[in-house]
Every structure is written in C-alpha cells, then in structure tokens.
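Here's the structure we're looking at; comments come further down.
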Amino acid sequence: MRITPSHGTGAGTAGALRLPSVGLLDARDRPLRDLRISVTDRCNFRCVYCMPRAVFGRDYAFLDRDELLSFDEIEHLSRIAVDHGVRKLRLTGGEPLLRRGIEELISRLSALRTPDGDRVEIALTTNGSALAVKAQALKDAGLDRLTVSVDTLDDELFQRMNDVRFPVSRVLEGIGAARAAGIGPIKINMVVKRGLNDGEIEAMAARFKDTPYTLRFIEYMDVGTSNGWELDEVVSAAEIVERIGALFPLEPVGARATGETAKRWRYADGSGEIGIISSVTNTFCGTCNRARISTEGRLFTCLFATEGHDLRALLRGGASDHELSAAMAGIWAARDDRYSEIRADLTPELRAARQRIEMSYIGG
Ligand code: SAM
Ligand code: SF4
Ligand code: SF4
C-alpha cells in the first residue's frame, strides 16, 4: 500500500479513538477525497432514466430498515474515511430527504474534523421535493452545499419524467427556500437524454443564467441496467456547449481543483457560469478521487463497479477502528477502476454482461 506523508494526529471527535492520519493513493496514484453515502435506496420519484416504474414497481424489494447503515455506522465509517483524506461527504440516495432524521446525521457529520482540525464539507443531492419543508433544518444542522436535480422547467414534461406527477413549481420553491435559509452554493443538475428533455437545454440555461445557482448538465450515463441506456441517447458536452453558446457566448474556465467532475464555462457577458459533466464523451477517471458507500454499507470504488466491499459486515462483526481503517486503506490501495475510459472499447454485449449497480442504490 502506498501512502502520502502523514498530516499528524488530529484531535478526537465524539470521544472516539483517532488513528494516525495518512493520505491514501490508489493503484493509479489517485487520492481519496470525496465520499458519497447513500442513506436510502427508496425514492418518492420514479424518474424514467433512473428508477423506471417497470422495474421499481409495487413489488420491488427495497432494503429493510435494519439492513441500512445506522447513523452511528455512517458516522463511524465517515470518521475513518476523513482520517484517510476525505474532505467532502455527500449524502445521496435514493432520495436522501426521505431518510428520517437526516438533519441529525448532517449535524453529526459536520462535527467531524480532519487531522488538521478543519471541518469537512457536507453536501447533499436531492430531487428537491421536500426542500421547502426541510431547508432551514438542513442549514441549522450544518449543510454546506446542495445539489438539486431539475431536468426540465416544462411542468408537463417534468411530471412525465418523475412519473409521480410532482410539479416542478414545488421543486423551484424548495430551491428558493434553501437559498433563503442561507445554504450555498446551490447547484442545479440536469441530466440530458436525447429525445426526452434535450429540447430543454436552452430554456434551462436561460432560466438559471444570471442567478445565484450554477446549472450543470450531465451526460446521460449507463449506470445500472434498468434504464436500457443506448449511446445515441447521450447528448454530448460539445453539443450542449455549442447550443448554449449559439444563444449566449461562452468561454472555458480552468478547473479549480483536481478531481473536479464538471468542466466549467462562463457566459462572456459576465452573467455566471455553467458546468458540464461529460462522463461519456470526455472522461475524467484519471483524477477521480471518489468512493461511494451504498445504503447497506458496501464500499464501491467506482460508479460502474460490479461489486462492493462489505464494510457493514466488518462493523457489525465487531472490527476495531484499526481493522476498519486497514480494510478501507487496502481497498483504496488496490483500486484500479477507470470504467468510463474503457467504455468505448466494450461491445454492447460485454457492457450488458457487466452487472452494474443501480444509481438509486449507490447514489449519484
Ligand atoms: N434523488 C436524488 C436526486 O435525484 O438528486 C439523489 C440521487 S440521484 C441517483 C443523483 C443524481 O443522479 C441525480 O442528479 C440524477 O439526475 C442523476 N442520475 C440518475 N441516473 C442517471 C443516469 N443514468 N445518468 C446520469 N445521471 C443520472
Ligand atoms: Fe429518485 Fe433521484 Fe433517481 Fe429520480 S434521479 S428516481 S429522484 S433517486
Ligand atoms: Fe471515477 Fe469510475 Fe466514474 Fe471513472 S468511471 S470517473 S473511475 S467513478
């Protein structure tokens, strides 16, 4: 296992043992910086590209409550991950605001400190349906960053895409409530699927231009197997930039930090910027510093991994902090994932044969 120099030993949190800190590097020299934690596999939406009703219907077997990681377990694993170099914790799902007491989890995570005594950034990705009610409590609990998914402003299309007839106005109201509560920065994520909502690119850009919100376009990905992904449904980053640029001239902006997923573009007239996450046409595996913990405590080192490492079994089997820490370090050290870079070399048959996990299980 290769390690970068120690940051020293940090002060304890919540009376727990702190281990000497190390910065891990994986087999491709990538550090571990960003941990995404799925707090529920359930969702009140049935987005057609993520949890299509035909698969996630009435009979779908979601996890039982005792299968989910508890808040104690999530806090425990997060503390160890922070000791290993994680600087951002993102809560996701399913729909994370459906997890009862999510504010308590946020407040516990925001009390974690890096070995240097710094706060860790706490972020959340949500469909926004419960934001109007929860925004203030999330802010009070210590939420730093928020990403809200909005795939169109056209209410009829929005309701068709979430497939539960949820109106877009209530999501926009939730975004306003989050801003009023002082949560920021707030980003808006739009997944673009050709033939479904690609006609909305320009309207979304116009709506969020010159606002406090940064709009990010996400290329539709072949996550999981439920959505029946086809390459020709992907609208490329280049096309998105060209279409928006034809209306509002854009200039590229350099990356702020390594591992940044979105390529940034600024409006030439100074009215803000957009981001494009081009996981299909312009991959960024080379700097990928993200790990994911599924709802039931499996650690995945890639969004497209076929298998996770069962940390819940270790936690519930009474593993010591040292053992958990060593397990996490060993998993990261062995990490060699770069699925998006090799996607183009896979035949449709080979891709179909890979048992990829669902986005709603592992989180975005
Ligand atoms: N329910 C929350 C939400 O929708 O924001 C959090 C979980 S959701 C799985 C996280 C993000 O993944 C959302 O922005 C969603 O649009 C995105 N997503 C889901 N399926 C996707 C796909 N096939 N390709 C690209 N993004 C996807
Ligand atoms: Fe739910 Fe988010 Fe997936 Fe839509 S994208 S079905 S809101 S988890
Ligand atoms: Fe990271 Fe895997 Fe996505 Fe590449 S494909 S950027 S390694 S999560």
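Order of appearance sets the numbers: ligands from 1, and atoms from 1 within every ligand.
- With a 4.0 Å heavy-atom cut-off, ligand 1 is reached by the side chain of N189 but not by its N, CA, C or O.
- With ligand atoms numbered from 1 in the order given, ligand 3 contributes 6 (S) to contacts under 4.0 Å with heavy atoms of F284.
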Before giving the answer on salt bridge (Lys or Arg N to Asp or Glu O under 4.0 Å), spell out for R46 and D163 the whole-Å C-alpha distance, their side-chain angles and the decisive distance to 0.1 Å.
-> CA-CA 5 Å; R46 285 292 175 274; D163 208 11; over 6 Å; no
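- Interface atoms of ligand 3 facing F304, defined by a heavy-atom separation under 4.0 Å, are 5 (S).
- Of all atoms in ligand 1, listed by their number and element, those nearer than 4.0 Å to a heavy atom of S149 are 3 (C), 4 (O), 5 (O), 13 (C), 14 (O).
- Taking 4.0 Å as the cut-off between side-chain N and carboxylate O, K134 and E103 count as a salt-bridged pair.
- Against a heavy-atom cut-off of under 4.0 Å, E95 is close to the following atoms of ligand 1: 1 (N), 2 (C).
- Within a 6.0 Å radius of CZ in R194, more than 12 heavy atoms belonging to other residues, nucleotides or ligands are found.
- Geometrically, ligand 1 and D151 share no nitrogen or oxygen pair separated by less than 3.5 Å.
- Paired with L215 under the rule side chain to side chain contact (heavy atoms under 4.5 Å, CB included), one option of K187, R207, M204 passes, and it is M204.
- Note: an N/O pair closer than 3.5 Å links M221 and ligand 1 by distance alone.
- Under a 4.0 Å N-O distance rule, the pair R108/D72 qualifies as a salt bridge.
- A donor atom on one side chain and an acceptor atom on the other are found under 3.5 Å apart for T126 and E95.
- Under 4.0 angstrom from ligand 2, the non-hydrogen atoms of C47 come from both its backbone and its side chain.
- Heavy atoms of G94 come nearer than 4.0 angstrom to ligand 1 in at least one pair.
- The shortest contact between atom 7 (S) of ligand 3 and any protein heavy atom is with D337 O, 3.6 Å.
- Note: Y339 and F304 have parallel aromatic rings, judged against thresholds of 30 and 60 degrees for the angle between ring planes.
- Looking only at protein heavy atoms, the nearest one to atom 2 (Fe) of ligand 3 is C302 SG, 2.3 Å.
- At least one heavy atom of E219 sits closer than 4.0 Å to an atom of ligand 1.
- Once rounded to the nearest 0.5 Å, the distance linking CD1 of I218 with CE of M221 reads 6.5 Å.
- Atom numbering of ligand 1 starts at 1 in the shown order; those under 4.0 Å from a heavy atom of T92 are 6 (C), 7 (C).
- Heavy-atom distances between G94 and ligand 2 reach below 4.0 Å in at least one pair.
- If you check which protein heavy atom lies closest to atom 1 (Fe) of ligand 3, you get C288 SG, 2.4 Å.
- Numbered from 1 in the order shown, with element, the atoms of ligand 2 that lie under 4.0 Å from a heavy atom of M51 read 6 (S).
- Numbered from 1 in the order shown, with element, the atoms of ligand 3 that lie under 4.0 Å from a heavy atom of S340 read 5 (S).
- By the 6.0 Å contact criterion, CD on E242 is open, its count of non-hydrogen atoms from other residues, nucleotides or ligands being 12 or less.
- When the shell of 6.0 Å around CZ of R243 is examined, it contains more than 12 heavy atoms from other residues, nucleotides or ligands.
- Distance from atom 8 (S) of ligand 3 to its nearest protein heavy atom, with residue and atom name: L303 N, 3.3 Å.
- If you run side chain to side chain contact (heavy atoms under 4.5 Å, CB included) between H76 and each of L69, D321, L311, only D321 comes through.
- Residues D151 and Y49 have side chains that bring a donor and an acceptor to within less than 3.5 angstrom of each other.
- The protein atom (non-hydrogen) at minimum distance from atom 4 (Fe) of ligand 3 is C285 SG, 2.3 Å.
- In this comparison of Y220, W229, F45, Y49, the heavy atom closest to atom 15 (C) of ligand 1 sits on Y49.
- The closest non-hydrogen atom to atom 5 (S) of ligand 2, taken over C50, S129, G128, comes from C50.
- For the residue pair N189 and S149, no side-chain donor N or O sits within less than 3.5 Å of a side-chain acceptor on the partner.
- Listed by number with element, the atoms of ligand 1 under 4.0 angstrom from any heavy atom of T126 are 2 (C), 3 (C), 5 (O).
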